[in-house]
Amino acid sequence: MKRSAKFVVAAFFVFASTSSRVPAAAQQSASKPRWDVRISETRGPLRAADLTSPATGASSQVLAGPTNGSDYGYLIFSRMAGGARGPSLFTLPDEHLYLVVEGRMNIQIGTEKFVVNRYEGVWLPADIPHEVWNDDSGSEAHFEVIAPGSARDLLSMVKPAQARKVENAAQYIRRPKVPGQTELKAGLNGATFAARATGGTIQMRIDSTLPGQGGPQPHVHKFQQVYFSIEGQTAVEYGLNDFVLPKYSIAIIQPGVVHTNSNKTSAVERHITVLMPQLEDPNEPLDVEYERKGPVR
């Protein structure tokens, strides 16, 4: 059923993307694995990953987290040059998700090792020892989610770990079928990597659209939703504003904000969608449609 409402959405401004590096001393502390992490200082719901420098080593950009615009967890873009390694074996008190968008990622879960290809992912519950690296000569890139974001200091959550047997570690590697262009249908074509049905509290998927297609009518959620563009261009309606989300840019849609997405180009569009958290009651609608009225008279 359609619902009408008057609403006011404050205008937003996107500043030039900058970042601040976590002090080297904090990275090299004996109690914390080394992790080259930078915090994005961009304001507003739209943030672009900084690609001005080529990947050398392993580095991560916190596009949004508890200190910069996401109250429901960390949203991270990471890159690894050929032969580079992320932080040594560690655990987190939160769920940790990876989705590879370029190259191939190697991961150790407990004592077992796996290769994760482009458009494949990993979902890990809390307290599972893991480590990632890049055995290939080419570069690798992946999108990460750490939820619910138990601490405002990301590195304080990272605990060094010893390798131990993890029962059925292969279950945490997610390889859903992402449809090719000839397989796409009208509307959103989703491939789900994580959801409550598979043990998590958030949902993460890749949504794909044909030219001229897109999501549902403008609507709202009770939860935070995130789009991260990975192929083509995603057009986003956000409150009273419209913007284009280029490749490797994120849109953070806060609870209660009217929004939708579409593909206004002549090419296939794909984006990662994250629901933070996914609703617990399967009978409760995810989308509540809104009908936009004219000016108040």
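Residue Ile272 holds its CD1 atom at 9.0 Å from CD1 of Ile250, rounded to the nearest 0.5 Å. In this structure, the separation between CD on Gln225 and CD1 on Ile202 is 12.0 Å, given to the nearest 0.5 Å. Taken to the nearest 0.5 Å, the CZ atom of Phe143 stands 9.5 Å off from the CG atom of Leu97. In this structure, the separation between CG on Leu99 and CE on Met105 is 9.0 Å, given to the nearest 0.5 Å. Here Glu102 contributes atom CD and Asn134 contributes atom CG; the two are 11.0 Å apart, rounded to the nearest 0.5 Å. The distance from atom CG of Asn261 to atom OG1 of Thr273, rounded to the nearest 0.5 Å, is 6.5 Å.
Residues Ile173 and Val100 share a hydrophobic cluster, clusters being chains of Ile/Leu/Val/Met/Phe/Trp/Tyr side chains in contact below 4.5 Å. A continuous path of Ile, Leu, Val, Met, Phe, Trp and Tyr side chains, each step under 4.5 Å between heavy atoms, connects Ile76 with Leu51, placing both in one hydrophobic cluster. By the rule that hydrophobic residues join a cluster once side-chain heavy atoms approach within less than 4.5 Å of another member, Trp35 and Leu92 end up as members of one cluster. Cluster membership for Ile39 and Tyr74, using ILVMFWY side-chain heavy atoms within less than 4.5 angstrom, is shared. With hydrophobic clusters built from ILVMFWY side chains whose heavy atoms lie under 4.5 angstrom apart, Leu46 shares a cluster with Val257.
Arg152 and Thr67 get closest at one heavy-atom pair: O-CG2, 3.5 Å. The two residues Ala251 and Leu245 come nearest to each other via the heavy atoms N-CD1, 3.9 Å. Considering every non-hydrogen atom in both Gln213 and Gly187, the closest pair reads OE1-N, 2.9 Å. What you find for Leu75 and Ser70 is that their closest heavy atoms are CD1-OG, 4.0 Å. Here the closest heavy-atom approach between residue Tyr227 and residue His259 is recorded as OH-CD2, 3.5 Å. Taking all atoms of both residues into account, the shortest heavy-atom contact from Pro255 to Tyr72 is CG-OH, 3.6 Å.
Between the side chain of Asn263 and the backbone N or O of Leu210 there is at least one donor-acceptor pair closer than 3.5 Å. The backbone N or O of Pro218 sits nowhere less than 3.5 Å from a side-chain atom of Glu237 that would complete a donor-acceptor pair. Between the Arg118 side chain and the Val101 main chain, a donor and an acceptor come within less than 3.5 Å of each other. Using modelled atom types, one side-chain atom of Thr265 and one backbone atom of Ala267 make a donor-acceptor pair closer than 3.5 Å. Between the side chain of Asp287 and the backbone N or O of His219 there is no donor-acceptor pair closer than 3.5 Å. Side-chain atoms of Glu140 do not come within 3.5 Å of backbone N or O of Trp133 as any donor-acceptor pair.
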Check against side-chain contact (heavy atoms from CB on, under 4.5 Å), Met157 and Leu155: CA-CA 5 Å; Met157 299 166 56; Leu155 292 185; over 6 Å; no
Chi angles and distances behind the side-chain contact (heavy atoms from CB on, under 4.5 Å) call for Leu124, Tyr98: CA-CA 9 Å; Leu124 293 166; Tyr98 298 91; 4.3 Å; yes
Check against side-chain contact (heavy atoms from CB on, under 4.5 Å), Gln224 and Ile252: CA-CA 7 Å; Gln224 176 178 283; Ile252 305 153; 3.8 Å; yes
side-chain contact (heavy atoms from CB on, under 4.5 Å) between Val268 and Thr209, intermediate numbers included: CA-CA 6 Å; Val268 169; Thr209 62; over 6 Å; no
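Listed by first and then second residue, the salt bridge (charged side-chain N to carboxylate O under 4.0 Å, His left out) pairs involving residues 202-214 are Arg205-Asp207 (not counting sequence neighbours). Listed by first and then second residue, the salt bridge (charged side-chain N to carboxylate O under 4.0 Å, His left out) pairs that reach into residues 126-135 are Arg85-Glu131, sequence neighbours excluded.
Using modelled atom types and a 3.5 Å distance limit, the side chains of Arg79 and Ser59 yield no donor-acceptor pair. Residues Thr234 and Glu269 have side chains that bring a donor and an acceptor to within less than 3.5 angstrom of each other. Between the side chains of Ser40 and Gln61, not a single donor N or O lies within less than 3.5 Å of an accepting N or O.
Using cut-offs of 30° and 60° on the angle between ring planes, the pair Phe228 and Tyr248 is parallel. Between His130 and His96, the ring planes lie perpendicular to each other; the angle is over 60°, past the 30° to 60° tilted range.
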Would you mind writing out the side-chain donor-acceptor pairs for residues 107-114 within the sub-3.5 Å range, not counting sequence neighbours?
| unit_1 | atom_1 | unit_2 | atom_2 | d |
| --- | --- | --- | --- | --- |
| Gln108 | NE2 | Gly110 | O | 2.9 |
| Glu112 | OE2 | Lys165 | NZ | 3.3 |

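Remark: Glu144 pairs with no residue by the salt bridge (Lys or Arg N to Asp or Glu O under 4.0 Å) rule, at least two apart or across chains. A search for salt bridge (Lys or Arg N to Asp or Glu O under 4.0 Å) contacts involving Glu284 returns Lys222, not counting sequence neighbours. Residues that satisfy the side chain to side chain contact (heavy atoms under 4.5 Å, CB included) test with Asn168, not counting sequence neighbours, are Ala170, Gln171.
A heavy-atom distance below 4.5 Å is found between the side chains of Arg47 and Asn68. The shortest side-chain heavy-atom distance between Val178 and Arg270 falls under the 4.5 Å cut-off.
Annotation for Gln181: atom CD does not count as buried by contact number, only 12 or fewer foreign heavy atoms lying within 6.0 Å.
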